[in-house]
Amino acid sequence: MSAAEQHIPGVFTGMMAVARRDLLLAWKRPGDVLNPLFFFAMVATLFPLSVGPSIEQLELSGPGVLWVAALLAMLLSLNSLFLTDHEDGSLEQMLVSPLPLSALALGKTIAHWLTSGLPLVLVSPLLAMTFRMPVAVTGVLMLTLLLGTVSLSLLGSIGAALTVGLQRSTALLSLLILPLAMPVLIFGARTVSLAAAGEGVAGGLYFLAAYAVLTLSLAPFAAAAALRISNE
Amino acid sequence: MTAKLTCDDLTLFRGDRCLFEGLSFALKPSELLLLEGDNGSGKTSLLRAIAGLIELERGRVCWNDVPVLAQRQSFHNSLVWMAHRVGFKADLTLVENLQFESALRLQCAAELEAVLVRLGIHRLKRLPMRSLSAGQQRRVALARMLLSDAVLWMMDEPVTNLDREGRSLVMQLISEHLSRDGMVIMASHEDVEIDAPVQTIRLQ
Amino acid sequence: MTPRRQRMLAVGLAASGIIIATALTLEALKDNMMFFISVTDVVAGEYPADRNFRIGGLVVDGSMQRETGSMDILFRVTDLRCEMSVTYSGVLPDLFREGQGVVAHGRMDRSGMFIADRIMAKHDENYMAPEVAASLAENVNEQTADLVQGGPECDS
Amino acid sequence: MWNLLHRLASPPHFYRLAAGMIPWFAVSGLLAVAYGAYAGLFIAPPDYQQGDAFRIIYVHVPSAYLSMMAYVIMATGAGIGLIWRMKLAHAVAAAAAPLGAWFTFLALVTGSIWGRPMWGTWWEWGDPRLTSELVMLFLYFGYIALRGAIDDTAKADRASAVLALVGAVNVPIIHFSVEWWSSLHQGPTLIRKGGPAIDSAMLYPLLAMILGFTLLFGALLLRRVRTEVLYRERRTKWVREMILSTPGNNL
């Protein structure tokens with residue numbers, strides 16, 4: 001059997017194995033999932049406390065505040081995406097595995113989204129209620145968060161991979177990710193605002209979907225390249 | 001086809017320091033390559049460079065006459081890697097960790113149970129890795145090698161943290177692997193007694 | 001699956017992802033996330049009540065009235081289909097001219113008057129010497145294309 | 001052809017070649033800027049709408065164009081360095097980043113100064129052109145910060161190259177933003193269907209300024225790349241020989 005034809009484990013199996021392992025780890029350490037969630041809730045609470053309880057004010061600022069809080073919560077959880085793997089040597093084992101690194105990075109990103117992105121989407125209606133958001137608008141908020149957090153997880157995987165071996169990487173990670181995350185924030189918050197004003201939301205949702213698909217197609221490769229470089 | 005690892009003119013700098021320069025060697029089945037040198041002499045870097053984890057300043061590594069960077073996946077399919085850090089998740093049990101490994105590397109050369117018995121860690125199966133001692137974790141890393149059918153074993157200080165019995169077990173496992181036409185590259189700062197053809201590279 | 005086929009699959013998936021993303025972007029651009037609301041829509045009553053929003057259009061020629069001794073001005077804005085009245089109190093941007101594009105931020109009052117709290121002049125991409133501009137026939141310059149929307153004529 | 005490229009990319013050769021090119025770039029750039037500035041300020045007629053205030057375009061347009069150009073150069077250098085492992089390309093990318101950041105900053109500031117009297121606002125958050133240009137400034141910051149955080153030059157080169165390539169998505173967004181979303185910033189004046197929409201008496205100074213800025217940018221870039229190359233090659237024989245052979249140098 002020549003080297004080129006040699007069979008190696010299934011890409012999909014490997015990707016799912018990584019995702020399953022990370023989900024199992026999250027299950028054994030629920031704090032890692034819950035902390036960003038509490039952070040999300042608390043940041044969203046800070047605004048009514050600081051801006052004042054005027055209902056008009058809350059309705060107006062709700063979409064933006066919830067989106068900023070979600071973005072910050074995602075950033076908070078990203079730092080550890082590859083860090084523990086780097087520290088205990090399992091990242092090195094992935095680097096010498098016969099599976100494409102991009103698939104493994106995607107597997108980890110999927111687990112990250114399931115443990116930090118999806119919970120945000122699920123608790124957002126509760127917070128939306130405190131901002132007096134109508135049910136229909138809350139639906140749009142959840143939809144934008146659903147599409148937006150996918151992009152944020154994927155973009156974050158690039159940033160986390162670039163900063164994995166570095167000292168004091170938290171601030172740097174934010175600096176690298178935020179410019180790329182800004183379109184998500186702009187369109188996410190704006191779409192919810194438009195929904196609140198009773199206007200069409202299709203354009204914004206299409207854009208968020210486009211960004212999610214684009215990052216899904218490119219980010220795993222960029223993250224894999226970054227991981228190899230960071231681990232030299 | 002018999003496997004063959006050829007390294008040609010390997011040169012690596014770390015910052016401004018030259019770790020090794022113009023290093024060439026070849027490894028055939030049943031051969032052991034021993035990398036010797038003091039701490040910080042670049043043994044680990046050389047191992048990592050051969051495995052394709054570090055970009056070399058100059059030179060290239062070929063597996064079956066094809067550069068490994070052009071066929072990274074096939075090369076890694078023929079390789080198991082035992083580093084300083086064992087690469088297991090502290091929160092998962094021994095068995096969960098090894099199951100994950102087998103998903104990454106499909107081939108299973110041996111029965112899990114038998115391997116664990118041989119290494120004397122079958123009683124620890126359900127324990128999380130964090131409750132294992134450093135030497136026991138080392139043995140789990142050995143289990144990873146035995147479970148794989150990879151030709152090339154790359155080991156960085158494999159006997160660290162192991163007791164006398166563990167050390168002789170490692171040597172025995174290496175001998176067995178070599179007798180099955182396997183190849184071993186090992187970095188060690190201790191003397192190794194093994195009954196096989198040994199090439200030694202001493203790094204300054 | 002061999003590494004080679006895996007790579008081809010990965011490239012194929014990424015390429016199709018990019019194509020899908022492009023299609024979605026084009027779809028997104030069809031739905032104009034308006035920076036401002038057109039005059040026609042406002043006249044037709046399609047604007048958010050009790051909330052600030054932006055309108056965009058051209059300042060109608062000869063419609064500007066300034067109260068002497070005050071900063072208050074009144075002018076009419078058109079999208080060449082409908083017209084509406086706008087009041088504003090404050091300093092106007094230099095580019096604010098009759099016949100030129102304007103974006104006003106504010107809200108509607110009950111009488112159908114737009115109370116602007118901020119006026120922004122929209123500049124066009126044309127640069128001309130004054131004498132050249134004067135010699136050009138009175139026309140709607142191209143900058144106004146995005147301020148003017150297609151649609152039915154206005155009855156008001 | 002390949003040989004020529006290879007020779008060009010060899011650090012000592014480039015170092016000498018660039019030294020010869022910099023004066024030409026600098027002098028011709030200064031001449032073009034001098035003509036452009038004089039003609040733009042004194043010869044070109046005032047705009048029929050903006051009066052004399054339009055003259056800020058003679059700084060704003062070249063800066064905005066170079067802010068994107070620098071990013072394209074940076075991303076191209078990063079890509080070439082990553083794929084063909086060409087060290088000179090990495091040096092070019094590293095040298096282009098701070099220049100690009102400064103031109104982006106200049107474009108934003110001049111735009112803002114113009115925007116206050118003309119549009120009636122210093123800054124408009126809803127405008128896609130302004131926002132995407134600001135994002136570009138942040139991308140430059142991220143790139144520079146990432147380089148600064150990694151000690152090993154070779155590693156810094158490759159890590160920041162990945163970031164530069166990822167961020168390149170923003171460049172077409174900036175360019176097309178005024179066409180995709182109608183907003184405050186006007187559409188393209190120079191590169192548009194039906195030719196430039198600008199009086200030729202205003203156009204020629206503008207073209208001279210764009211050319212002059214580009215040439216000066218080229219001179220600055222070459223200077224910075226030379227410094228980068230010298231720093232990166234500081235342990236090599238050619239640098240040592242060059243320094244030793246410099247007259248008056250008793251190292």
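Treat the numbers as computed from the prediction; the structure is a model and nothing was measured. Throughout, protein chains are lettered first and strands after them, A, B, ... in sequence-line order, and every chain is numbered starting at 1.
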Which answer fits [X], side chain, backbone, both or neither, if we ask what part of it has an atom under 4.5 Å from a heavy atom of chain C?
| X | answer |
| --- | --- |
| A/Y211 | neither |
| A/L218 | side chain |
| A/L60 | side chain |

Any side-chain to backbone donor/acceptor pair from A/S124 onto A/V121? Under 3.5 Å, distance only.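 Checked: pair present.
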Measure C/A10 against the heavy atoms of chain A and call it side chain, backbone, both or neither at under 4.5 Å.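 Both backbone and side chain of C/A10 come within 4.5 Å of chain A.
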Could you pull out the closest heavy-atom pair between A/G62 and A/M133, with the gap in Å?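 Scanning both residues, the minimum pair turns out to be C-CE, 4.1 Å.
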Keeping to residues at least two apart or across chains, list the ring-ring contact (aromatic ring centres under 6.0 Å, His included) pairs with something in residues 71-94 of chain C.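 Non-adjacent pairs meeting ring-ring contact (aromatic ring centres under 6.0 Å, His included): C/F75-C/F96.
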Is the closest basic N to carboxylate O distance between C/D117 and C/R107 below 4.0 Å?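 Result for this pair is no, no salt bridge flagged.
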